[in-house]
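We name chains A, B, ... by the order of the sequence lines, and we start the count at 1 in each one. Note: hydrogens, waters and symmetry copies are ignored here, and every other heavy atom, side chains too, is used.
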Amino acid sequence: MKQYDHKKIEKKWQKFWEKEKLWQAKDKDKKPKFYGLIEFPYPSGEGLHVGHIRSNTAMDIICRKRWMEGFNVLYPIGWDAFGLPTENYAIKTGIHPIKVTKQNTDTFRRQLKELGFSFDWSREINTTDPKYYKWTQWIFLQLYKHGLAYKKKMPINWCPKDKIGLANEEVVDGCCERCGTPVEKREKEQWMLAITKYADRLDKDLDLVDFLEKIKIQQRNWIGKSEGAEIEFGIKNQESKIKVFTTRADTLFGATYLVLAPEHKLLMNNELGIRNYGEVKKYIETAQNKTEIERTAEGKEKTGVKLDGVTAINPANNEEIPIFVADYVLPDYGTGAIMAVPAHDERDFAFAKKYNLLIKEVITGGNVSETAYIGEGKLLNSGKFDGMESKEAAKAITEFVGGKITTKFKLRDWIFSRQHYWGEPIPVVFCEKCGVVTVPEKDLPVKLPMVEKYQPTDTGESPLAAITKWVNVKCPKCGGPAKRETDTMPNWAGSSWYYLRYIDPKNSKEFADRKKLDYWTPVDWYNGGMEHTTLHLLYSRFWHKFLFDLGLVPTSEPYKKRTSHGLILAEGGVKMSKSKGNVINPDDLVKRFGADALRIYEMFMGPFDQAIAWNTDGLVGTRRFLEKVWRIGQKPTTENRQLITLLHQTIKKVTEDIETMRFNTAISALMILTNEMDKLEKVAKEDFEILLRLLAPFAPHITEELWHELGHRDSIHLAIWPKHDVDKIQASSVKIVIQVNGKTRGTLEIGRNLTQTEIEKQAADLPEIAKWLVGKSVKKIIFVPTRLLNFVVA
RNA sequence: GCCGUGGUGGCGGAAUUGGUAUACGCGCUGCGUUCAGGACGCAGUUCCAGCAAUGGAUUGAGAGUUCAAAUCUCUCCCACGGCACCA
């Protein structure tokens, strides 16, 4: 008997598929299109992670099924290769990031090919390729031209030990991700992208797409839309006013003081004539010098300083109220100032208690002498609004004081500058005469200069700043002396539009041809990690909407459907990491068990969307399963089809489970069918072929081999996906559960068409049932056809 | 604190219009094959009592609805992920 030699078989068919160009998508086709996408990997030095395999296999199964269902499928792959680890490695070793990236992508490519994914390799892209980032820079220029990219002085995260500016995502718990030193704040000019201009649409348009509900919720929370009112408070004997934002205008009569954020512009030059300005100024300085940790470490203990000699007027009742500066008010949310309603807000309550401020109840329902009541209710102490309900009162009071209904968002503009070498140069120059001048589109890409050293400078500037030859240029406008922007883009730039480049990866005139975009967009199904929900996924939706507004892409949303996989953890449920030495190397597993067994294990190990711990022992089981399939393939065949019912049940189950990503139960169903076939002496060829076709997306190599052994000359992956027959799913006889008082006491195998009375009689005659009925009177009989019969006795 | 996800055998998990809880797989036990080994085959395997037939218990805890609850309702506990003074 022939052995299942996975090494030979897998290599053989991988070559075959490549030669036949089986997975090349056609840009024009009569077939319906399907665009399946996985997040393109960052080619790290560690090589492919088993987590990549989980996500890639899932989408591979879906795409292979689509091919078999007659779709023209696009399942592309590429490299998101800009990033810190590569740069750090280059700093350490002196090897140029281009070289490192080449090595790493070569490894990744080899590993992915060995797993037999149906990627269209002819469309491979790399974000660090100047031909690619030319278009990343081009999109940036469009953003700039439309006022969505701007420069602003911003406090950045500064690591005093590494002497480097850090991106927000490189700061973990207020410390430098690399060395653990607490991060400080430094003022620096930064490029920003005005994602907030799209906040409302990014929120609203979630209604248009088929994303997992938890993804939508997380994005909505991140965008943080909240509806409220802006209300102006006058200042006694002064012209200026203080504008506050509130979602609870109904509590305006309970506003007993105002609070300004330390950064509030009215505090800058003491234009209000604050008597204790020295003290206030000192408070502002301390607040601004606090690090992230200091702010959070202080927790809920609130501090603040009262502005002496200045009072505000509550527009609802014209009462004079004090004004404070306190850092519990955030400068960049709302108006940077709040009306404090201690009776009905926990933070204001805590502050009022500490500084002995008036707590005035204006909403019924709580006990405000003890704690703030934040719920809604009827108004009191609110003049003519007394007795009104919160919702209604909020509107009425806003109108009464001339306030404005507005919407605010938590979302902030996107800090787009990085002071690193290994990123896309921002295509802008600074001219002494003309100021900011964009690099003309014909001069793109602005290539990264080849350098020897990638170390960041002491000043927190990008390493590019030290390369004077590259920095000093002629102004494209006036020809005078100018300097290049030395900041680079964050690694989220290249990934914000890569799915568009796959559609036309070699186009040198446009980022992609419009006709091809019309055909392929949107992405039909995008699977990726939850960790990208509020970064990559949101950023790319933003860029796409911008391109849509320019008329450059045909759809307002890039992704029709988004799902996500659970993380794979190391044995014991901890994170896999190089430092813990618990990383699983897929190469060893492919060698030992084969790519097919590994793919199936990763799909079978647990529910796809949940985190799960790795267990190499589990691979033994999936390998045995494939051995069993192999054995059936070596059996003699017969015309006698004995497994019709189970077969059709399996077709239905597998077909449906793939669509809902319940791969674990799909495989379980395939195992059950396989076990039954294994028990038979001879298996009908037709039945076995159905098993092979159902299994093909999961285990593409072994099924291809067995398919060809059966005499087929074309690939199994282009065979037609089986369809179940509804009539054949129902078995002729059925097992019914017999219960007495809800407890199962026996079962009865009966024909489908037996009436209830007949079943009742047969059931009551069963000895194991009869003994429970002796001496009892049957009060009621519950009958569920084809399922159960329950005698209720007393 | 808020939002989300989850809690079922020794382990990963299955079962949700309420209807045989523990499918499938791992592990374990026994037997077989083999010089031997197991990444081999077959059988058994939720727990407790019993030689067995059988009986009882059981889905994080507690209560409720129902002929019937892992599934529905209420109260609570725990784990994981995200956000976090957002007015």
Check your understanding: So, Asp596(A) versus His6(A): side-chain donor-acceptor pair below 3.5 Å or not?
Key -> no

Hey, are Asp250(A) and Arg248(A) close enough for a salt bridge, meaning a charged N less than 4.0 Å from a carboxylate O?
-> yes

Pro607(A) has its side chain closest, among A14(B), G56(B), A87(B), to A14(B)

Out of G13(B), C85(B), A39(B), minimum distance to the side chain of Asn664(A) belongs to G13(B)

Check the orientation of Tyr601(A) and Trp614(A). Use parallel for under 30°, tilted for 30 to 60°, and perpendicular for over 60°.
perpendicular

Tyr601(A) OH to A39(B) P, in whole Å, measures 16 Å

Does Glu39(A) pair with Arg562(A) as a salt bridge, N-O distance under 4.0 Å? yes

Tyr333(A) has its side chain closest, among C24(B), A87(B), A14(B), to A87(B)

Heavy atoms of Thr335(A) and Lys243(A) approach each other most closely as OG1-O, 2.6 Å

Considering only heavy side-chain atoms of Lys735(A), the closest of G12(B), G27(B), U20(B) is U20(B)

Among G41(B), G27(B), G55(B), the one nearest any side-chain atom of Lys771(A) is G55(B)

Taken to the nearest whole Å, CD/Gln218(A) to P/A84(B) is 11 Å

Span that lies between the C1' atom of G64(B) and that of G56(B), in whole angstrom
24 Å

- Item | Any Arg624(A) side-chain N or O less than 4.0 Å from OP1/OP2 of G27(B) | yes

Winner on side-chain proximity to Ile612(A), out of G25(B), G12(B), G19(B), is G12(B)

Per-residue pairing states of RNA chain B in dot-bracket (Watson-Crick or G-U under 3.5 Å; . unpaired, | other strand) read (((((((..(((......[....)))((((((.......))))))((((....))))..(((((..]....))))))))))))....

Using the benzene-type ring in the case of Trp, are the ring centres of Phe351(A) and Tyr257(A) under 6.0 Å apart?
-> yes

Residues passing the salt bridge (Lys or Arg N to Asp or Glu O under 4.0 Å) test with Asp657(A), sequence neighbours excluded, are Lys653(A), Arg662(A)

Atom CG of Asp657(A) and atom P of U16(B) are separated, to the nearest Å, by 11 Å

_Rounded distance in Å between the C1' positions of A57(B) and C74(B)_ = 25 Å

Protein-proximity profile, nucleotides 66-80 of chain B, B/S/- by nucleotide at the 4.0 Å heavy-atom cutoff, equals -B-------------

